[in-house]
Amino acid sequence: MKNQKVDLRIIKTKKSLYEALLILMKEKTFEDIKVSDICEKAYINRSTFYTHFEDKYMLFDSLIKDLKESLKEELEKNKNISNSKEYYIELIKILLDHIEIKKEIYTPIMINNRNSIAMDMIYDTLNEDIIKRLEEDEILHNKKIPSEFIAKFYLGAIINIGMEWLKSKNKYKREEIIKYLKDLIPENL
């Protein structure tokens with residue numbers, strides 16, 4: 001029972017620190033944020049901060065790792081596919097849903113601060129998923145084109161569409177994007 005309380009406190013502390021960092025990233029660049037700013041915004045003592053993180057970079061890294069795990073969990077749901085088009089359409093739906101649900105995280109990091117670490121995280125996570133699926137799934141596997149080449153081809157489109165959607169603030173509805181992609185993506189490679 002005691003371990004549960006400790007874990008809950010740790011979870012609450014991390015959540016509070018994440019939220020404080022994200023609020024501050026809406027107001028100023030990550031480089032201009034100090035640990036004392038984060039602690040003040042989170043109503044947490046500096047000693048508590050340093051119990052969990054060495055510096056603001058470790059806090060940010062932890063936030064990105066949690067975000068990556070969340071995206072990976074969502075991608076695992078993309079199981080029942082009958083062709084490559086269906087896989088990529090579902091992949092973009094998952095990404096757009098993830099961005100929408102976690103907009104309060106993505107916007108300050110990727111739009112306000114143009115942070116490449118978050119972009120790299122999304123890129124790496126999607127790349128791993130695509131390559132794994134290409135190599136495991138006979139439906140997606142194309143023996144004529146290397147998996148890495150196919151992954152890079154689709155990743156460019158997926159990442160750019162996701163970023164455009166995040167930046168454009170409702171210029172395109174999610175359903176419109178999916179419809180356009182259905183017209184653009186071939187049935188099978």
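Starting from 1, each residue takes its place in the sequence as its number.
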Novice: About how many Å separate CG of Leu134 and OH of Tyr154, when rounded to the nearest 0.5 Å?
Specialist: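 Atom-to-atom, Tyr154:OH and Leu134:CG are 9.5 Å apart.
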Novice: Output every pair passing salt bridge (charged side-chain N to carboxylate O under 4.0 Å, His left out) with a member in residues 47-60, not counting sequence neighbours, ordered by first then second residue.
Specialist: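 Matches after skipping sequence neighbours: none remain.
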Novice: Hydrophobic clusters here meaning ILVMFWY residues chained together by side-chain heavy-atom distances under 4.5 Å, can you tell me if Ile23 and Leu63 are in one?
Specialist: no
Novice: Between His98 and Tyr106, what is the ring plane arrangement, given parallel below 30°, perpendicular above 60°, and tilted in between?
Specialist: perpendicular
Novice: Backbone N or O of Gly156 within a donor-acceptor pair of the Asn160 side chain at under 3.5 Å?
Specialist: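 Checked: pair present.
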Novice: Please examine the side chains of Ile122 and Leu67, heavy atoms only from C-beta on, and report whether any two atoms are closer than 4.5 Å.
Specialist: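 With C-beta onward as the side chain, the pair stays apart.
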Novice: Taking the cut-offs as 6.0 angstrom to the six-membered ring centre and 45 degrees off its axis, would you call Lys103 and Trp165 a cation-pi pair?
Specialist: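 Ring-cation test returns yes.
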Novice: Between the side chain of Thr125 and the main-chain N/O of Lys68, is any donor-acceptor distance below 3.5 Å?
Specialist: no
Novice: Taking Lys173's backbone N and O only, do any of them form a donor-acceptor pair with Glu176's side chain (distance below 3.5 Å, no angle check)?
Specialist: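 Between the backbone of Lys173 and the side chain of Glu176 there is a qualifying donor-acceptor contact (under 3.5 Å).
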Novice: Could you tell me if the side chain of Tyr50 sits less than 4.5 Å from the side chain of Val35, heavy atoms only?
Specialist: yes
Novice: Return the set of residues passing side chain to side chain contact (heavy atoms under 4.5 Å, CB included) with Ile101 (not counting sequence neighbours), or none when no residue passes.
Specialist: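 Side chain to side chain contact (heavy atoms under 4.5 Å, CB included) list for Ile101, sorted by chain: empty.
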Novice: Can you confirm whether Asn127 sits close enough to Ile131 that some side-chain heavy atom of one is under 4.5 Å from a side-chain heavy atom of the other?
Specialist: yes
Novice: OG1 of Thr51 to CD1 of Ile10: how many Å apart, nearest 0.5 Å?
Specialist: 9.5 Å
Novice: Is there a side-chain contact between Lys14 and Glu19, using heavy atoms and a 4.5 Å cut-off?
Specialist: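 They are not in contact (no side-chain heavy atoms under 4.5 Å apart), so the answer is no.
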Novice: Run Tyr172 and Ile161 through side chain to side chain contact (heavy atoms under 4.5 Å, CB included) and show every step you take.
Specialist: CA-CA 10 Å; Tyr172 299 102; Ile161 299 244; over 6 Å; no
Novice: Is it the case that Ser62 and Tyr18 place a side-chain donor and acceptor less than 3.5 Å from each other?
Specialist: yes
Novice: Can you confirm whether Leu95 sits close enough to Leu75 that some side-chain heavy atom of one is under 4.5 Å from a side-chain heavy atom of the other?
Specialist: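 Sidechains of Leu75 and Leu95: no contact.
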Novice: Is Ser16 reaching over with its side chain to a backbone N or O of Lys12, donor-acceptor style, under 3.5 angstrom?
Specialist: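 No; judged by distance alone, with no hydrogens or angles, the pair does not exist.
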Novice: Is it the case that more than 12 heavy atoms not belonging to Glu104 sit under 6.0 Å from its CD atom?
Specialist: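 Not buried by this count: 12 neighbours or fewer within 6.0 Å.
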Novice: Let me confirm one number: the OG-CZ distance from Ser36 to Arg46, rounded to the nearest 0.5 Å.
Specialist: 5.5 Å
Novice: Atom CG of Leu181 and atom NZ of Lys93: how far apart are they, to the nearest 0.5 Å?
Specialist: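 Spacing of CG (Leu181) from NZ (Lys93) equals 10.5 Å.
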Novice: Hey, are the side chains of Tyr123 and Lys152 touching, using non-hydrogen atoms and a 4.5 Å cut-off?
Specialist: yes
Novice: Verify, without hydrogens or angle tests, whether Asp37 (side chain) and Lys34 (backbone) share a donor-acceptor contact under 3.5 angstrom.
Specialist: yes
Novice: Is there a side-chain contact between Tyr87 and Ile130 (heavy atoms, below 4.5 Å)?
Specialist: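 SC-SC contact between Tyr87 and Ile130 confirmed.
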Novice: Thr48 side chain to Ile44 main-chain N or O, any donor-acceptor pair under 3.5 Å?
Specialist: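 Not a single qualifying donor-acceptor pair exists.
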Novice: Any chance you could lay out the salt bridge (Lys or Arg N to Asp or Glu O under 4.0 Å) test for Glu27 and Lys41, step after step, and finish with the verdict?
Specialist: CA-CA 12 Å; Glu27 300 166 3; Lys41 190 68 82 178; 3.7 Å; yes
Novice: Taking 4.0 angstrom as the limit, do Asp129 and Lys72 come out as a salt bridge?
Specialist: no
Novice: Nearest 0.5 Å, what's the CE-CD distance between Met25 and Glu31?
Specialist: 8.0 Å
Novice: Would you compute the distance between atom OG of Ser47 and atom NE2 of His52 and round it to the nearest 0.5 angstrom?
Specialist: 9.5 Å
Novice: Hey, are the side chains of Glu148 and Phe153 touching, using non-hydrogen atoms and a 4.5 Å cut-off?
Specialist: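 Not touching, per the 4.5 Å side-chain cut-off.
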Novice: Is the side chain of Lys85 donor-acceptor paired with the backbone N or O of Lys182 at a distance under 3.5 Å, no angle test?
Specialist: yes
Novice: Tyr88 and Asn78: side-chain donor and acceptor closer than 3.5 Å?
Specialist: no
Novice: I'd like to check the ring pair (Phe, Tyr, Trp, His ring centres under 6.0 Å) partners of Phe49; sequence neighbours left out, ordered by chain and number.
Specialist: Phe53
Novice: Assess whether a salt bridge exists between Asp183 and Lys179, defined as any Lys/Arg side-chain N lying under 4.0 Å from an Asp/Glu carboxylate O.
Specialist: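 Salt bridge flag = yes for Lys179 with Asp183.
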